[in-house]
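None of these values were measured; they are calculated from a predicted model.
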Amino acid sequence: MTGNCDLCGRVIQSSTFETVSERSFCSSGCHDVYTTLGAPDSLDTTQTTENGIDQEEDAVPTDQHRSRTFLRIDGMYSATCEAYLESLAEKQEGVTSAEASYVTETIRVEYDPDTASKESLREALSTLGYTAYLREDASSDVGEAGGTTRRSREMGGIRKRRDDQLLGMRYSVGFLFGAFLLVPYVAILYPAQLASIFDWQALQIFEGAFRLDSQGAFVFLRLYFVMTGIILVFTGLPVLRGAYISLKMRRPNTDLLVALTAISAYAYSTAAVILGQNDIFYDLAIIVTAAVTAMVFYESSIKQRALDRLTELTISQVESARTYDSDGETEEVRVENLNTGDVVLVRQGERVPIDGELVEDSCTVDEAIVTGESLPVLKRAGDDVIGGSIVTDGAALVRVGPDVTSSIDRITTAVWDLQSATHGVQRHADQLASYAVFLVVGAAVAVGSVGVLAFGMGLPDALLLALLIILAGSPWALGLATPLSVAKSLSSALRRGIIIFDETVFERLRDVDIVVFDKTGTLTTGEMEVIEADAPPELLDAVAALEQRASHPAANAITTAFAGSDDGDAAAAQPDSGDDAVGTEDVGQIREFTNHRSGIEGVIGDTSYLVGNLDLFAEQGWTVNDDIRSRVADAQGFGQLPVVVGRDGTAEGLIVVGDEPRDGWDDTVSRLGERGTEIVVLTGDDEEATDFFKRHDAVTHVFATVPPEGKTATIRRLKSDGEVAMVGDGTNDAPALAAADLGISLGGGTALAADAADIAIVDNDIRSVETAFDLAGAARRRVKQNNLLAFSYNGIALVALAVGFFNPLTAATAVIASGGLLAVNTRRKLLR
């Protein structure tokens, strides 16, 4: 009889718990989460199927043969882009739903494969400067510099590099052509306009210097109309595209403000030349277009620098496998070419490429990357082996199961599913722009109408006046302030070893109410080592000799601490033994050796030895005194692994192996708690390994033995109480990192965790988590200040317009003043 866990939906053979309204749970951890946090306010829209992939309950009914695909979209950078691409996808024949996220540049599309195809969807979404491609093909066009994380492979792909190069070319064209076209303004037009205002001797030679007769007007118009048009269209194309999409989606943004200003300046100048006037604002069109494109390019380059800095993490996916036939011959094949029933050879230190069953003998595997368990697991013939786990001792012959896949692949799909549902937030500047557009355009129309109706202006003069209102009143500098603020904030984080991939992270960080920490590899180092040893030196020598043959979870730590160690190392490893040294004495020949699930047993010379937990000593009928039992309980209470050692039927000592807490974890948790943030610890480890964290005053909840699916379900439960950030490092954390409102991955983590996270900390300093919160506060102050300073342009321009002195000179002065203020403020250090 099978069922599903009532928390995470994981398939279980029988009810592990039926104590909460007859509900069933796959683990004690899921039971604890359910009973502590309670049922959700509304049912989750997803469930976990047998193969572990999250699917919407009503999204993919089997009778309609729907398929799901994930596409990466280069060029998607705002909430407006999300809405546009979703609407574009849903208009395609056969598409039932689409969900886009500009945070991860991903769109998930549900479609009927009989009507639509992946290729047709890719082509349909590659439009207006967007480039779509299938996420599963991310590494197909990546060279040696592509990187190990999927994100780095995608961002290093030929398509992405081509887009970045084109953006750089747009910036270069705007800068070079713009500089050339501004020379006459700086050399002649600005001094001529200055001479009309001030009666200075030095300016007299420029008085009347810029007059357009019919022939001069024609030459000037032909040159500037064409060259400025090239800059406006080629350099400003990304801005024009954003403006067009914002109009199409009826969601005004800063792109629309910038485009409105540049196009108005271009139109006004063309009309002014034709009418013989010399207040020509081609320079404003050039400066606005080139400056904003330059800032977009700068922001993009900072993001690329952040990606380049990302530590090359462990590759979680395995692309090839070694098949093993009945004659003992092996052959290297692609994982996708494996078939059900194939036997795969996995040597010590290698990663299992596929889910399956251990065929013969035994081995030890580290499943932490998938399950979160910090201790390796002993596997015997007939046991299931998880794809993505690492064989740490021995070798494994794994028979491929009926579902030819690995847990890593399923987790990857689950991550993409969650990422595509992570919508971005509308930039604060875009929200201001939505009001400014209506205000400025409304004012221009009103003034032009009053000029015609009340003052009898001709239509050309009224149109020119309306365009002047737009030139002076449009806060286009918001389009300059936003990428400048973002780039500076990302750069500040980068200098502190914190990789942030998009600006929405800062806003989401400020809204976080709950921080969830994974334990293994996050709050702890994730590496097992001997913390304490209290046993006779000769017994430790014998134990070390036996452990060299063992598959016991603590074998490597014990062997490293005692086998072949010098005097200083041995003494340091056992501070409570009272001996000055433990030599490397000859312990004799090992006559017998047995590998148990919870320890080892052996005979050296005429002496028998037993190493393991209390249950193993009880099974073998060995004597354990009360003092050792008490010390075992104390060690377990601090999340450590106590290993009892004995000989000839009696326990004589204890070796404590532990996964040490990270430096700074206590201060980090305490300071986050002082901010009013709720702290939750979530782990796949046993409950005994978490007691240490339960004692911390700032920790609200500790949930142990929670499987990866349960972690994701827990995040969903917590999100009903507020904004949730998840801090993790392993592949098993990836779905939870993606499901959280904000994911933070430590640098020692896996590639999939880094891909799922919004923040990647390049080192293993957990104190950087608190620093990220500080940076978010500084980013908010910088954005608010820069957005306010962006209006300095309008303050100068509108005053000049009101007194009748708004011309290219005063416009240029306003541009220089606002740009200078933005630059100075951006360079200020808002965080020490």
Side-chain angles (χ1 to χ4, degrees), residues 72-78 80-81 84 102 105 126-133 155-183 223-247 253-266 269 281-308 427 429-430 476-487 490-491 502-503 815 819 822-823:
R72 182 180 176 89
I73 311 290
D74 286 343
M76 180 165 50
Y77 66 95
S78 69
T80 306
C81 296
Y84 174 71
Y102 88 81
E105 297 182 318
S126 296
T127 182
L128 286 177
Y130 297 112
T131 304
Y133 52 96
M155 297 298 286
I158 291 174
R159 298 179 183 89
K160 187 65 177 178
R161 291 199 301 270
R162 186 169 58 235
D163 288 346
D164 290 341
Q165 290 168 358
L166 183 58
L167 182 60
M169 188 182 301
R170 294 184 194 281
Y171 160 69
S172 299
V173 168
F175 178 79
L176 293 175
F177 280 21
F180 169 74
L181 293 175
L182 289 177
V183 169
L223 175 64
Y224 274 77
F225 180 80
V226 174
M227 298 293 284
T228 306
I230 291 174
I231 294 174
L232 186 61
V233 173
F234 181 75
T235 300
L237 186 60
V239 174
L240 296 177
R241 184 197 66 176
Y244 169 76
I245 293 173
S246 73
L247 284 174
N253 58 16
T254 54
D255 285 339
L256 184 56
L257 284 177
V258 173
L260 187 64
T261 304
I263 293 173
S264 296
Y266 185 71
S269 301
F281 290 93
Y282 282 125
D283 60 333
L284 185 60
I286 293 168
I287 292 172
V288 167
T289 303
V292 171
T293 302
M295 285 304 100
V296 172
F297 176 68
Y298 176 55
E299 179 186 352
S300 175
S301 66
I302 292 295
K303 290 180 178 180
Q304 187 60 50
R305 279 175 50 199
L307 188 71
D308 293 341
R427 285 175 167 178
D430 287 337
W476 66 269
L478 286 172
L480 192 66
T482 298
L484 190 60
S485 301
V486 169
L490 296 181
S491 180
D502 73 276
E503 69 278 9
V815 170
L822 287 172

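- Rounding to the nearest 0.5 Å gives a distance of 14.0 Å between CG of L237 and CD1 of I231.
- Rounding to the nearest 0.5 angstrom, the gap separating the CD1 atom in I286 from the CZ atom in F281 is 13.5 Å.
- The minimum heavy-atom distance between Y266 and F225, with the atom names listed, is OH-O, 2.6 Å.
- Nearest heavy-atom pair across T228 and A285 is CG2-CB, 4.1 Å.
- Figure legend: R241 and Y130 shown as a cation-pi pair, the cationic atom lying under 6.0 angstrom from the six-membered ring centre and within 45 degrees of its axis.
- D430 pairs with exactly one of T80, N253, T254 by the side-chain hydrogen bond (donor to acceptor under 3.5 Å, both in side chains) rule, that one being T254.
- The side-chain hydrogen bond (donor to acceptor under 3.5 Å, both in side chains) test applied to S264 returns no partner, not counting sequence neighbours.
- Residues Y298 and I302 form a side-chain contact, since some pair of their non-hydrogen atoms from C-beta on lies under 4.5 Å apart.
- The backbone N or O of A290 sits nowhere less than 3.5 Å from a side-chain atom of T235 that would complete a donor-acceptor pair.
- Remark: Y244 pairs with L128, K248 by the side chain to side chain contact (heavy atoms under 4.5 Å, CB included) rule, at least two apart or across chains.
- Applying the side chain to side chain contact (heavy atoms under 4.5 Å, CB included) criterion to S172, with sequence neighbours excluded, gives no partner residue.
- For the atom pair OG1 of T131 and CG of D74, the computed distance is 5.5 Å after rounding to the nearest 0.5 Å.
- For residues 291-302, the pairs satisfying salt bridge (charged side-chain N to carboxylate O under 4.0 Å, His left out) are E299-K303, E299-R427, with sequence neighbours left out.
- Under the side-chain hydrogen bond (donor to acceptor under 3.5 Å, both in side chains) criterion, T289 pairs with no residue at all, not counting sequence neighbours.
- In this structure, CZ on F177 lies 8.5 Å from CG on L181, to the nearest 0.5 angstrom.
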Got a list of side-chain donor-acceptor pairs under 3.5 Å for residues 479-486, not counting sequence neighbours?
residue : atom : partner : partner atom : Å
T482    : OG1  : L478    : O            : 3.0
S485    : OG   : A481    : O            : 2.8
S485    : OG   : N786    : ND2          : 2.8

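- Judged as a side chain to side chain contact (heavy atoms under 4.5 Å, CB included), and not counting sequence neighbours, the contacts of L240 are A259, I263.
- Between L256 and S246, the shortest heavy-atom contact is CB-OG, 3.7 Å.
- In terms of the ring pair (Phe, Tyr, Trp, His ring centres under 6.0 Å) criterion, F234 has no residue partners (sequence neighbours excluded).
- Atom CG in L232 sits 11.0 Å away from atom OH in Y282 (nearest 0.5 Å).
- A search for ring pair (Phe, Tyr, Trp, His ring centres under 6.0 Å) contacts involving Y84 returns nothing, not counting sequence neighbours.
- Judged as a side chain to side chain contact (heavy atoms under 4.5 Å, CB included), and not counting sequence neighbours, the contacts of I287 are L182, V815.
- Counting all heavy atoms, side chain and backbone alike, A132 lies closest to I73 at CB-CD1, 3.4 Å.
- A distance of 10.5 Å separates CE in M76 from OH in Y102, rounded to the nearest 0.5 Å.
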